[in-house]
Trainee: 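Structure in structure tokens, see below.
Numbers here simply count residues along the sequence, with the first being 1.
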Amino acid sequence: DTLGRMYTSARLNNGNLTGYGLGWMVSQQGTRQFVAHSGGAMGGTTYLLREPRARTANVILANLDNVTRLRELAEQLMALAPRPLPVSTR
């Protein structure tokens, strides 16, 4: 499945994981899996952090170049999300 591949860390020839899937940074904290993507252009910086199994995500958009510590901020925001989130009926 495509999402499964996107969210699975690549493995080097020596067996070490890269921490990077198909376009996503991939990490584990205990039993929780996180995927993230960052970016930016002149005048802006972005960070997206998802926890797919918990159906939670947050997006940070900054009107500044090269903003540091966005992952740390995203993790703090993620900690505020209730668990588990209810399944939408839509």
Trainee: Are Tyr20 and Leu22 linked, directly or through other ILVMFWY residues, by side chains that come within less than 4.5 angstrom of each other?
Mentor: no
Trainee: Is Tyr7 linked to Leu49 within one hydrophobic cluster, defined over Ile, Leu, Val, Met, Phe, Trp and Tyr using a side-chain heavy-atom separation of less than 4.5 Å?
Mentor: no
Trainee: Okay, side chain of Arg53, backbone of Phe34: is any donor-acceptor separation there less than 3.5 Å?
Mentor: no
Trainee: Assigning hydrophobic clusters by single linkage (Ile, Leu, Val, Met, Phe, Trp, Tyr; side-chain heavy-atom cutoff under 4.5 Å), is Leu64 placed with Leu61?
Mentor: no
Trainee: With clusters defined by side-chain heavy atoms of hydrophobic residues (ILVMFWY) lying less than 4.5 Å apart, directly or transitively, does Val67 cluster with Met78?
Mentor: yes
Trainee: Is the number of heavy atoms from other residues, nucleotides or ligands under 6.0 Å of Asn13 CG greater than 12?
Mentor: no
Trainee: How long is the gap from OG1 on Thr45 to CG on Leu70, to the nearest 0.5 Å?
Mentor: 6.5 Å
Trainee: Taking Thr18 for the side chain and Arg11 for the main chain, is one N or O donor matched with an acceptor at less than 3.5 Å?
Mentor: no
Trainee: If you measure from CG on Asp1 to CG on Leu3, what distance do you get to the nearest 0.5 Å?
Mentor: 5.5 Å
Trainee: Mind listing the closest non-hydrogen atom pair of Ser9 and Gly19 along with its distance?
Mentor: OG-N, 2.7 Å
Trainee: Keeping Asn58 on the side-chain end and Leu77 on the backbone end, is there a donor-acceptor pair under 3.5 Å?
Mentor: no
Trainee: More than 12 heavy atoms of other residues, nucleotides or ligands under 6.0 Å from CG of Asn63: is that the case?
Mentor: no
Trainee: Could you see if Val59 belongs to whatever hydrophobic cluster contains Val35? Use Ile, Leu, Val, Met, Phe, Trp, Tyr and a side-chain cutoff under 4.5 Å.
Mentor: yes
Trainee: Between Thr8 and Val26, is there a side-chain heavy-atom distance shorter than 4.5 Å?
Mentor: no
